Amino acid sequence: MNEPKSPSSPGTDFIRQVVKADVASARYGGRVITRFPPEPNGYLHVGHAMGICLNFGIAKEFGGCCHLRYDDTNPDTERKEYVEAIQEDIRWLGFDWGQHLYFASDYFERMYECGEVLIKKGLAYVDSQATEVIREGRGTVTESGVPSPYRNRSSEENLDLFRGMRAGEFGDGEHVLRGKIDMASPNMLMRDPVFYRIRHASHYRRGDDWCIYPLYDYAHCLEDAFEGVTHSICTLEFDNNRELYNWVLENVGFEEPRPHQYEWAGLDLENAVLSKRKIAPLVEGGFVSGWDDPRLATLAAYRRRGIPPEAIRLLSEIVGVSKTGAQTEATKLDFAIRRILNQSAPRVMAVLDPIRVVIANYPKGKTEEFEAPYYPHDVPLEGSRTVPFSHELWIERADFLEHPPKGFRRLMPGGEVRLRYAYVIRCDEVIKDDAGRILEVRCTYDPDTRGGSTSDGRKVKGTIQWVSVPHGVAAEARLFDHLFFREVGEDQDSGAIGDCLNPDSLTVISDMKIEPSILTDPENTRYQFERTGYFWRDPIDGCGDQLVFNRIVSLKDAWAKRDTKPSPNKVKAKRPTQAYSRTNPEASKQPRIPSGGEQDAEALARMLRYTGELGIGAEQAEILAQSLEWSSYFESALTVYPDAAALATWIANDLRGLLAGRSPADLPFTGESIGELASLVEDGGVSRRAAKDVLARLIIEGGDPKDLVDSMGLRKVTDTHELSSVVKSVIDQWEEKAAEYRAGKSGLLGFFVGEVMKKTGGAADPEAAKSLLQDRLDN
RNA sequence: UGGCCCGUCGUCUAAUGGCAGGACACCGGUCUUUGGAACCGGCGGUGGUGGUUCGAAUCCACCCGGGCCAACCA
């Protein structure tokens, strides 16, 4: 009962679709191997947790495995302490890497050998320029780089130098190994990237075995390949690195099926500091108590705060997987935590900010006990404890108001409130000190309401929690809020960090009261303090006799929210629209005329011919004319079928859309085929819609369009009789939809056409089907 | 201003040429010995302009907006 609702379409994100397709096509023999590759230079945070859920989740769902591999290629920053902490976090989250624990540093020898392979192929060289010179030589995003003077060293010399680098013959920074790729590449990463650097430093695992260390782009893809990883999933910012990932693997000699990289957006959580680079100064600067300070978004902090791992996994489901760089609202995390805890946390009574209530008509010194269930009626768990009641009680200061606003349902002078599981009391008198601060509230109880229900049927709207003064236990509570009230910039020093800090991020309540039953519970019990929030004992400071409770998350509070309600006539803030920003609407229609150069002159001539003589629109003409590849493809289609405008659409719009960036040279069919296809459509033998299906097939396996039309059963069905019967059966099948359509939901017509198309395997003439459908539906 | 990636309710995410759907948030209601939970209902979206198509969130073009890339970090 009350299973957490699944988010929409679970498990159908674009990465899982790729994996699913690869399993179906047996691309890797059905194997699925993912990996989670942390660098042991800090603690994991919720962002990493999403990556862990993704990688381990996919492996589990597809019967594969997920490797835990430390990407420990930088001796300066990595420590054993972190590798242990990371493992603890992953286990806590509920994932298991089994035997598959790996370290990049174990591959140093193999990686080195790959370096020699590249050198021998003439694809890598030792550069001896200074760091700054290399940097400058790389150019900028708008200017290409200049080749290093060492770029053309012989393989022998490179090999000799590289071996010398390894042997420790050189100092830090004297040489590097670079890939010999393309100094003019628009992708900066391809401008002869550095593969190895000299660093005389002790590595936390390899000690002084090595004095050269591989860099990420070189190392990471090799690690994946060594381990037989199939799907290497990383975040969006590595998009540019994919080209290099592929280059290294292909040139070192890893053939298909080899690992491939896929990028997703990762998690950006509102109010959470999600970068090790930004967390470290908070820890080191003493702004927080450590990597596990509960205000942080590290997994260690979440664990300490008391967030259950199930909630993190639920968050991962809720947030989903996409390539949209987006920020997730903090309320989604809160929701996930409450969703889990509501179903599992025993309820107890605690008072965070106590005021004293004296029950005047309850005998001093008398105590009675109430049996109180741990769980509310809608949580299917059993259990109860007894709570002691007496002459003096603590209640929450906020639960008594001398001058309450309208709608206040708690205690007020002359009013009644129910003490949960106990009695209904009425407030008779308020005792204040000289400063007007309330010292105690004097009440009388109604003995006929034992257990909380009235015998005369009168309604008591409010119910509040309470703690008996002589029995209550004192404790400390810690409430957490987000650490910053303002975004901290990228390179800010600790002074600037201090300026952004939320002074109320930690509230310590030193004198809360709680019912004594908790004294006999396991220390790691997560409670709901009724009407207040979810709490558990701080695992560090709340052990043994120390009663220190962390608030994991508050309860939703509909009453408190009433003040912050946005006014109904508030103008809705809209994303600024760009509707008016274009100054010349015709501008986009003007083809850009290529300028200068012999090739451009030819392209221009083609362009003019296409728009003039052939009557093609400027947009498509530009696409087709610009490259020789496309223009010759187009013109060969033209030899088969003379309707240039139709062909231009087929090629410029449909074909290129299906090709997703690939070139016509890769196609298993020629321009003539597409011309033939277009003529089949013109003849009426195939609908345009069916022809597009044929095109898609053509791209995959080539073939003769006419044969494909037949073998796919796509010869157009125009026969009115045949079509009518399909139309009738579709309408009969979807009676309700038909009624909706008749009631005015005209958008449903497309749905019906789609159904007819489905039923006929795509062969129906959609236009004919549409008019038949309309006729039938309209009467 | 070079290349690449991304724009769907306030937020996150489905729809893979055929009904724009779900979740969170918000609002209202029912119920309630937690102003919790649950249940019911409501609000609300394809960045813009053209084009292709019987039919476009989806294909094409341009524009606008956001992000990433010039470490011997990962």
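Chain naming here is simple, since letters A, B, ... match the order of the sequence lines and numbering starts at 1 in each. If you're wondering where the values come from, they're calculated on a predicted model, not measured in any experiment.
- Phosphate contact (OP1/OP2 of B:C27, side-chain N/O of A:Lys561, threshold under 4.0 Å): present.
- With 3.5 Å as the limit, one finds a donor-acceptor pair spanning the side chains of A:Asp72 and A:Ser105.
- A salt bridge links A:Lys332 and A:Glu329; the closest N-O separation between the charged side-chain nitrogens and carboxylate oxygens is under 4.0 Å.
- One interatomic measurement links the two molecules: CZ of A:Phe751 to C1' of B:G17, which rounds to 15 Å at whole-angstrom precision.
- In this structure, the NZ atom of A:Lys737 is 12 Å from the C1' atom of B:A20, given to the nearest Å.
- For B:A23, the glycosidic angle deviates from 0 by more than 90°, giving an anti base.
- Dense packing is recorded around CD of A:Glu371, with more than 12 heavy atoms of other residues, nucleotides or ligands lying under 6.0 Å away.
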- What string of B, S and - do you get for nucleotides 66-71 of chain B 5' to 3' if you count protein non-hydrogen atoms under 4.0 Å? --BBBS
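- Between the side chains of A:Asp71 and A:Tyr216, no donor N or O sits under 3.5 Å from an acceptor N or O.
- One finds a side-chain N or O of A:Ser322 lying less than 4.0 angstrom from the OP1 or OP2 phosphate oxygen of B:U13.
- For A:Ser455, the side chain to side chain donor-acceptor pair (under 3.5 Å) criterion is met by no residue, not counting sequence neighbours.
- In terms of modelled atom types and a separation under 3.5 Å, the side chain of A:Trp650 and the main chain of A:Leu655 share no donor-acceptor contact.
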